Amino acid sequence: MQRPIQVLNVAEKNSIAKQVSAALSNNSARSQRSCSTYNPLFYFPYNINGQPCDMVFTSVAGHLMELDFTDDMKKWRSCSPVDLYGAPVLKKIPQDKKPVERNLQEQARQCQWLVLWLDCDREGENIAFEVVEVCRRANPRLVIKRAKFSALVRRELERSVQTLGLPDENASKAVDARQEIDLRIGASFTRFQTLLLQEKFKWQEGGLQEERPLISYGPCQIPTLGLIVQRQWEIRAHVSEPFWYIYVMYRTPEGQQCTFSWRRGHIYDHAIATVLYENCVDEPTARIAKVDARQVLRQPPLPLATLSLQKEAITHLRMPGERMMKLAEELYQEGFISYPRTETDCFDPAYDLKALVRDHTQDPRWGQHAQRIDSGEMWHPPRSGGHDDKAHPPIHPTRWTGASEGWPPEKKRLYEFVCRSFLASCSKPAVGFETQIEAAIATEAFTTRGLMVMEKNWLEVYPWFKWGGNDNLPPFQVNQTFMPTELLLKEGMTHPPPKLSERDLINAMERHGIGTDATVADHIQKQLDRGYAFKDASALFSPSPLGEALIAGYHKMGLSNLWQPNLRGVIEFNISEVAHGRRAKEAVLEEAVQHFRSDYISAAQKQGMMVEEVARFFDPWGAAEAQQQALPQGQAIGQCPACPMPLMLYKPEQGTPYVACSGAPLCRQIVCFPCATAQADVSAQPCTECPGNISKVAFKFRRAALPLGYDAEMTCCVLCDRRFEDLCRSYGTARPPGHGQARGRGGRGAGGQRAGQAEGRAAGRHPTAGRAAARRGSGRGSHGNGAAEMGRGAPRSRRRDRDSDDDADNPHRGGRARTGPRGGGRAGTQHRARGAWNGARARGRADAGRGRQPAPGGRFVSATGHAVGNGATSGVCFKCGQPGHWSNACPNQG
DNA sequence: GCAAGGTC
């Protein structure tokens, strides 16, 4: 008799652990609490490939680990935000996940095998590696295996456990890359925006909730805001135009009637419309040219996935997506509906749907319909929407309850919606009889259509959908003639597109790959929480002044790729190249970091534009105005050693000349004059001398030129330039280049660390080594060097071209901006401006979103020389979203 | 005080 192997099985959430244990053990698993509240243990014996096993099944609760910067970079003023592109990052287990970690380690110590049952998607693969890391720390000898399953049904799970494989490292690395990109961009731009704007304006007077708002940036939240602002600009850019159309109405003596639509739709030229109309008036007899009558079917709704449930709940129940998800979560926890976060919109054929239907036959509201399905009279197998996340079924009721009296009304309505929707999806399609009529008057053609509902079927249980209409059509015959009751030339006006509804937003986000089914609602809610957008009484979204100013600011800077909706798609496409093994994680990261760092540098250099945009809507604080006015005129002499902004030489009328970074308040670097090699140390204390809330700046000098360092500390106010202390002290040991000198001496570390980084680059490791050189050269009036350094990046002329292009396109400024020619001139629709933007969007969009598109062909190597994955490389440009080149050589700027 | 993604 073989001794059983001890096997630790880990699922992504308890519900899966429970289901798989039940399926594999034939419902005989013994459950036991663990030290982690939401992750109990299930024990049962099993046999894997003839080998007896003692199975212990447990779960985590999503990711175990979080990515973050090291402690020294977490303080917002500890470094310039641009440093966050190169700062080290760490994966850590946050405090609230410690019990999960303990549970895994306790079990791992007693087991020989670890079987990973995490969801079969990229995030699941990444969590699998987190679990492996934690378990291996407790038991290095663990044998690691991965169960891949396509449905939670017994046969599939049994197959899966007998054919265990290995976790997919590429998929996991793709997630690592995404996390790192999101963190670096998010943190750097959030700090940039917040530090730049937070203190400058009277937010509350401008309608914001908070006095000092957090102005966050994220690669999902900002493109979402971009969608809202873009629509606002479309609306504002719309210029109403008149159009004309011929209106025909016919009423029989019996009272049957219909109106006809003109084949030409609308005509924007009054003269032409009049000529065509007069033709009709001259020969007004209408002749029926065609009668097409046939039976049509209206299919029931697809089984519900998360996003479709959100959209339906918004439309039919008038419930915001975020609220709906909370209630759905509750219903799931209480066992009334299945797992609410799923992409699946098709039922597994093995699923016993009839049993689920039977559960509802006693309901007073929809029980009768359920009975008719159960009897087979109404039964029709649910359609398949073609999506399957391989982990969850579509959302459906799991238990009937008539005892929902205590529930809040919204929860009741949601449960009812899930039940009715499920029953509808198991019902026969509705049957109608449609008649399409074509009529001719003189040279012009007209159509009308009638629809009579013959069998309601699924519509009986689903009251939210209206079908049918115009069923009082006169009984036309081909070649029949009649005299129209009314024949008129009517005038209409084009309307701007409507504001976005939450449903529109979800659709747009889905189309562009912004967020996942589980996070889309959060990103929308975040717009409201951050004060970037409002939702009006009709639940339509419009940007707040702050939201619009942010987008307009980046637009004006020529950095629209930072907010346009394809941003996420571009990131997703590139990391999916990692997941498929076509590019190395490091290469994609390097490319992304380089690109976004360069965008950050542009943004920091043009920060004034952002301030200007915000100043259109919000009043600045007096002190900030005073600060701006009080700053003396300086002369650019190079680039700041700590950030991308120009370093300025200031010569106050009284007092000592000094050199300071122009990037305040993001960077308050002040360096020594005349040597200009010193590192500043900034402490944010209020100035005791001047009336404004200006910080006191303490800074250190270091005379690198001397063999023994010479150090000084001085405290002064940047606003009034008043010194508080001035003391010098020497120190004894010279340090080799590349070691942070300030850090070792009790001064705060940032300055010294930056010095260390800069030296490292100078040693040739990094392509931006020139910066350190410029810093050294910019002392003693070496102006030429500094100026050359400031103009780095795209050639100036090209940048100017791009900016002016963008300005021409920016419709939010002039009020009545043009709508073409991108939109193709006279679009002939009610929403003519939309065509223009859609055209622009389509071109700008990554052929990317979620890796559905084929990989772009061809071989190319990044300018950094890193981008060689497994020989053939591919990906899309972070700037324009197109394949074939990298963003630092993007030919499609703007 | 930053992101987005899992999940309770």
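All of these numbers come straight from a predicted model, not from anything done at the bench. Per chain, numbering begins at 1; letters A, B, ... match sequence-line order.
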Using a 4.0 Å heavy-atom cut-off across all strands, classify A/G62 as base, sugar-phosphate, or nothing.
-> base
Return the set of residues passing side-chain contact (heavy atoms from CB on, under 4.5 Å) with A/S36 (not counting sequence neighbours), or none when no residue passes.
-> A/S34, A/N39, A/P99, A/V100, A/N103
Partner residues of A/Y332 under the ring pair (Phe, Tyr, Trp, His ring centres under 6.0 Å) criterion, sequence neighbours left out = A/Y339
Please tell me which of A/G218 and A/D119 maps to the more 5' nucleotide of DNA chain B, matching each residue to the nucleotide holding its nearest heavy atom.
-> A/G218
For A/R341, which contact category applies under a 4.0 Å heavy-atom criterion: base, sugar-phosphate, or nothing?
-> base
Look at all strands and tell whether A/E330 reaches a base, only sugar-phosphate, or nothing, counting heavy atoms closer than 4.0 Å.
-> nothing
Which part of the nucleic acid, if any, lies within reach of A/F189 when heavy atoms closer than 4.0 Å are counted: base, sugar-phosphate only, or nothing?
-> nothing
Sort and list the pairs that fulfil ring-ring contact (aromatic ring centres under 6.0 Å, His included) and have at least one residue in residues 202-229 of chain A, not counting sequence neighbours.
-> A/F189-A/Y217, A/F201-A/W203, A/W203-A/F618
Apply side-chain contact (heavy atoms from CB on, under 4.5 Å) to A/N507 and list each qualifying residue two or more places apart in sequence or on a separate chain.
-> A/K311, A/R503, A/E510
Donor on one side chain, acceptor on other, A/Q107 and A/T58, under 3.5 Å | no
Determine the contact category for A/R178: base if any of its heavy atoms lies under 4.0 Å from a base atom, sugar-phosphate if only primed atoms, P, OP1 or OP2 are that close, otherwise nothing.
-> base
Sugar-phosphate only, base, or nothing, as touched by A/L64 at under 4.0 Å among non-hydrogen atoms | nothing
Which residue, A/N39 or A/Q179, contacts DNA chain B at a nucleotide closer to its 5' end, judged by nearest heavy atom?
-> A/Q179
Report the residues that fulfil side-chain contact (heavy atoms from CB on, under 4.5 Å) with A/D121, sequence neighbours left out, ordered by chain and then residue number.
-> A/D119, A/E123
Chain A contact limits on DNA chain B, taken 5' to 3' with a cut-off of 4.0 angstrom to heavy atoms | B/dG1 to B/dC8
